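Worksheet: one structure, shown below.
Owing to the predicted nature of the structure, the values given are computational and were not obtained by experimental measurement.
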Amino acid sequence: MPPNDSRIDTRDWSLLAVLSILWGGSFFFNGAALRELPPLTLVFLRVALGAAILLPLLRVQGIGFPIGATGWKPFVAIGLLNNAIPFSLIVIGQTFIPSGLASILNATTPLFAVIVMATAGEETLQMRRVAGVALGIVGVVVLRGWGAETMSGHGLGILLCLGGALSYGFAALAARRLLKDSPPLGTATFQLMASTVMMAIIAGALEQPWRLPMPSVTTWLAVLGLAGLSTALAYIVFFQILRRSGATNVMLVTLLIPVTAILLGWLVLGEPISMREIAGAIVIGSALLVIDGRAQPVIAHCLSLLRLGPSAPCRRRRRRQAHTSSPHENRTGAS
């Protein structure tokens, strides 16, 4: 596993951007599919089809199945914390609140991950990271807008989405401790298989999906996009970043999701980008630099200037000039 508080390299920043696109689409797919499917049935289809898509790849890669209860135990834990609980809470939450607000609440995931990892002693709780995550959440709120329609009657939906974000934080801790040597493809497939069994039992008991009318083609396309892109492919990328950059860093993707969603709307749908959205994106970008540590030298320099006062550069320049001219003056005096 990567060292604590490590920076993210260029490759993993690129993978985070790809993951933000894949997971950002899940809010759109959820919104489309929930028009005809109940939430728990949708989660079941998401994980079941995602596992079905990945299973043939296991054979191609020559990855064997876990052996016995001991072998499956880590994947059951990850499937519960990373799939069954957060997927269900967020999708049910989206029946009470708009998708935009759900994505804002989902952006609290890195904050929960930082707190959970530090409490468990896995990573050092640095104020730089906490401040950066908080700044990023502010940026998401600025970028997406809170919306007056979300200020009343949506308390349950907000709590459900926050519960999903907290579950992701515990999933990051469990993945770090239990899946250190598991290949990303195997981890993604086995956790989806475990969560498929869980959701089959829960959705079957509470919603009886076999009694539902056949969904339309549009709904099935949304479900396939949710399972294939936002689940199967996304989790391969997720666990690849997790192994390389650590649990807290991979959760930063939730700060990028609203940015990529707006950029995709501009590029694909021709939707205009407002100054508020540009300002929010700048705040989020600054927050990521703070979290990554690249902004620390600049911040330290600015703080030193504030301590020394505005005339500090002039004083340092005069001292350097005096230091460079003193040898010449001493030689002149000696002659």
Mark yes or no for whether [X], through its side chain, and [Y], through its backbone, hold a donor-acceptor pair below 3.5 Å.
X	Y	result
Thr219	Glu36	no
Thr109	Asn106	yes
Thr196	Leu192	yes
Ser20	Ala17	yes
Thr189	Gly186	no

Margin query: Membership question, hydrophobic clusters at under 4.5 Å side-chain separation (ILVMFWY): are Leu221 and Leu22 in the same one?
Written below: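 Different clusters.
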Notebook entry, point to check: Given the rule that I, L, V, M, F, W and Y join up when any side-chain heavy atoms are under 4.5 Å apart, are Met214 and Trp210 in one cluster?
Noted result: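 Different clusters: Met214 never reaches Trp210 through Ile, Leu, Val, Met, Phe, Trp or Tyr contacts under 4.5 Å.
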Checklist line | Arg177: partners by salt bridge (charged side-chain N to carboxylate O under 4.0 Å, His left out), with sequence neighbours left out | finding: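 Partners of Arg177 by the salt bridge (charged side-chain N to carboxylate O under 4.0 Å, His left out) criterion, ordered by chain and then number, come out as Glu122.
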Side-chain donor-acceptor pairs of residues 51-80 under 3.5 Å, sequence neighbours excluded:
from, atom 1, to, atom 2, distance (Å)
Trp72, NE1, Pro66, O, 3.4

Next item on the list: Answer whether the closest heavy-atom distance between the side chains of Ile92 and Leu40 falls below 4.5 Å.
Entry: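 Ile92 vs Leu40: side chains touch.
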Check: Would you call Ser26 and Arg46 a side-chain contact if the rule is heavy atoms closer than 4.5 Å?
Finding: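 They are in contact (side-chain heavy atoms under 4.5 Å apart), so the answer is yes.
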Item checked: Trp23: which of Phe29, Phe238, Phe87 passes ring pair (Phe, Tyr, Trp, His ring centres under 6.0 Å) ->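 One option only clears the test, and that one is Phe238.
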Next item on the list: Walk me through it: do Leu37 and Val223 pass the test side chain to side chain contact (heavy atoms under 4.5 Å, CB included)?
Entry: CA-CA 10 Å; Leu37 292 173; Val223 171; 3.8 Å; yes
Check: How many angstroms lie between CG in Leu185 and CD in Gln240, if you round to the nearest 0.5 Å?
Finding: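 The CG atom of Leu185 sits 11.0 Å away from the CD atom of Gln240.
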